Amino acid sequence: MSVSIGQPVPDFTAQATSDTTVSLSELRGRQVVIYFYPKDSTPGCTTEGGDFRDHMADFAAADTVVFGVSRDGLRAHENFKAKQGFNFELISDKDEALCQLFDVIKLKKMYGKEHLGVERSTFLIDREGTLAREWRKVKVPGHVEEVLAAARELNAAS
């Protein structure tokens with residue numbers, strides 16, 4: 001089962017940086033952005049994370065909390081977060097539970113070989129825990145601004 005727009009996102013609990021545990025049910029009343037990226041400390045993922053970092057005040061003004069998710073472990077996440085100065089938490093999804101819930105594990109090709117990997121994707125969840133928007137096969141340039149515009153629009157509507 002994966003999430004779909006207009007449907008409630010099943011509650012989940014996951015370990016994140018800063019020794020935190022993230023539960024969707026505890027975030028009710030706030031908008032939530034969850035963005036999935038392939039791997040810590042790679043060029044595209046660093047750029048995307050930096051874009052979210054640089055717009056965090058704008059997301060806060062739209063009453064929206066942001067989480068990055070990859071299959072990397074917490075130690076790699078802590079290093080990535082510290083090195084890049086990220087002002088949001090990164091969720092470790094080593095068991096791929098969130099990746100499966102949001103259906104972001106896809107067959108990818110690199111150097112002519114196929115492998116299963118995380119498809120760069122972003123999800124906007126409204127205050128009641130319902131999936132409001134999704135972006136799949138994300139291209140990094142301009143993406144964060146698009147997510148921010150949707151978060152502002154959703155915030156203004158509620």
Side-chain angles (χ1 to χ4, degrees), residues 2-9 12 14-18 20 22-24 26-74 76-93 96-106 108 110 117-158:
S2 70
V3 299
S4 54
I5 291 179
Q7 296 299 310
V9 175
F12 62 81
Q15 292 304 118
T17 49
S18 303
T20 56
V22 176
S23 292
L24 186 59
E26 292 177 8
L27 296 167
R28 286 271 157 77
R30 296 190 74 190
Q31 297 178 166
V32 179
V33 167
I34 299 176
Y35 80 92
F36 289 83
Y37 63 95
K39 188 150 185 57
D40 288 344
S41 302
T42 56
C45 300
T46 300
T47 300
E48 184 178 26
D51 288 350
F52 275 108
R53 175 198 61 218
D54 296 346
H55 288 85
M56 202 48 57
D58 298 319
F59 279 102
D63 197 26
T64 304
V65 62
V66 174
F67 296 98
V69 182
S70 82
R71 300 181 296 179
D72 294 294
L74 285 173
H77 274 353
E78 292 289 3
N79 291 338
F80 186 40
K81 180 182 173 196
K83 186 174 182 184
Q84 300 303 324
F86 292 161
N87 46 6
F88 55 90
E89 304 305 332
L90 300 176
I91 295 173
S92 175
D93 192 34
E96 299 181 359
L98 285 179
C99 288
Q100 290 173 14
L101 175 63
F102 286 88
D103 191 28
V104 298
I105 301 287
K106 303 293 182 188
K108 298 170 92 177
M110 189 186 300
V118 173
E119 178 180 79
R120 195 179 303 279
S121 307
T122 303
F123 301 88
L124 175 60
I125 302 168
D126 72 13
R127 287 177 168 70
E128 286 76 46
T130 300
L131 184 62
R133 292 279 306 270
E134 67 179 16
W135 295 263
R136 295 186 181 270
K137 297 182 182 174
V138 166
K139 301 291 182 226
V140 174
H143 174 63
V144 170
E145 291 82 358
E146 192 178 329
V147 175
L148 178 58
R152 286 176 168 154
E153 189 179 303
L154 187 61
N155 186 51
S158 58

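As the structure is a prediction and not an experimental result, all values here were calculated from the model.
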Undergrad: Is any side-chain heavy atom of Ile105 less than 4.5 Å from a side-chain heavy atom of Val118?
TA: yes
Undergrad: Indicate yes or no for a side-chain donor-acceptor contact from His77 to the backbone of Ala16 under 3.5 Å, with no hydrogens or angles considered.
TA: no
Undergrad: Rounded to the nearest 0.5 Å, how far does OG1 of Thr47 lie from CD of Gln84?
TA: 8.5 Å
Undergrad: Tell me if the centroids of the rings in Phe52 and Phe86 come within less than 6.0 Å of each other.
TA: no
Undergrad: What's the verdict on side chain to side chain contact (heavy atoms under 4.5 Å, CB included) for Phe88 and Val65, showing C-alpha distance, side-chain angles and the deciding distance?
TA: CA-CA 8 Å; Phe88 55 90; Val65 62; over 6 Å; no
Undergrad: Is there a side-chain contact between Leu154 and Asp126 (heavy atoms, below 4.5 Å)?
TA: yes
Undergrad: Can you confirm whether Arg120 sits close enough to Glu48 that some side-chain heavy atom of one is under 4.5 Å from a side-chain heavy atom of the other?
TA: yes
Undergrad: Report, one line per pair, each donor and acceptor closer than 3.5 Å where one atom sits in a side chain of residues 138-153; sequence neighbours left out.
TA:
{"residue": "His143", "atom": "NE2", "partner": "Thr122", "partner atom": "OG1", "Å": "2.7"}
{"residue": "Glu146", "atom": "OE2", "partner": "Trp135", "partner atom": "NE1", "Å": "2.8"}

Undergrad: Would you check if Phe36 and Phe67 make a side-chain contact, meaning some heavy-atom pair closer than 4.5 Å?
TA: no
Undergrad: Can you confirm whether the side chains of Thr17 and Glu78 place a donor and an acceptor under 3.5 Å from each other?
TA: no
Undergrad: So do Ser70 and Leu90 actually touch side chain to side chain, heavy atoms under 4.5 Å?
TA: no
Undergrad: Tell me, please, which residues at least two apart from Ala61 pass side-chain contact (heavy atoms from CB on, under 4.5 Å).
TA: none
Undergrad: What I'd like to find out is whether the side chain of Asp103 reaches to under 4.5 Å of the side chain of Val3, using heavy atoms alone.
TA: no
Undergrad: Please state whether the rings of Phe12 and Phe102 are parallel, tilted or perpendicular, taking 30° and 60° as the class boundaries.
TA: perpendicular
Undergrad: List for me each residue that meets salt bridge (charged side-chain N to carboxylate O under 4.0 Å, His left out) alongside Lys83, sequence neighbours excluded, and say none if there are none.
TA: none
Undergrad: Please list, chain by chain and in numerical order, all residues satisfying side-chain contact (heavy atoms from CB on, under 4.5 Å) with Ser121, sequence neighbours excluded.
TA: Val104, Glu119, Phe123, Arg136
Undergrad: Which residues pass the side-chain contact (heavy atoms from CB on, under 4.5 Å) test with Ala97, not counting sequence neighbours?
TA: Asp93, Asp95
Undergrad: As a quick check of understanding, evaluate side chain to side chain contact (heavy atoms under 4.5 Å, CB included) for Val9 and Thr130, giving each step before the final call.
TA: CA-CA 6 Å; Val9 175; Thr130 300; over 6 Å; no
Undergrad: For the side chain of Asn155 and the backbone of Asp63, is there at least one donor-acceptor N/O pair under 3.5 Å apart?
TA: no
Undergrad: Output yes when Glu96 and Arg71 qualify as a salt bridge under the 4.0 Å nitrogen-oxygen rule, no when they do not.
TA: yes
Undergrad: Should Pro38 and Cys45 count as side-chain neighbours, where that means a heavy-atom distance under 4.5 Å?
TA: yes
Undergrad: Assess whether side chain to side chain contact (heavy atoms under 4.5 Å, CB included) is satisfied between Lys81 and Ser18, documenting all intermediate values.
TA: CA-CA 10 Å; Lys81 180 182 173 196; Ser18 303; 2.7 Å; yes
Undergrad: Checking the side chain of Ser92 only, and the main-chain atoms of Asp72 only, is there a donor and an acceptor separated by less than 3.5 Å?
TA: yes
Undergrad: Is there a side-chain contact between Val66 and Tyr35 (heavy atoms, below 4.5 Å)?
TA: yes
Undergrad: Let me confirm one number: the NE2-CG distance from His55 to Asn87, rounded to the nearest 0.5 Å.
TA: 11.5 Å
Undergrad: Got a sec, which residues hit side-chain contact (heavy atoms from CB on, under 4.5 Å) with Asn79, two or more places apart in sequence or on another chain?
TA: Arg75
Undergrad: For Ala62, is there any backbone N or O sitting under 3.5 Å from a side-chain donor or acceptor partner on Thr64?
TA: yes
Undergrad: What's the verdict on side chain to side chain contact (heavy atoms under 4.5 Å, CB included) for Leu98 and Ile91, showing C-alpha distance, side-chain angles and the deciding distance?
TA: CA-CA 9 Å; Leu98 285 179; Ile91 295 173; 3.8 Å; yes
Undergrad: Looking only at heavy atoms, what is the nearest atom pair of Gln31 and Arg127, with distance?
TA: OE1-NH1, 3.1 Å
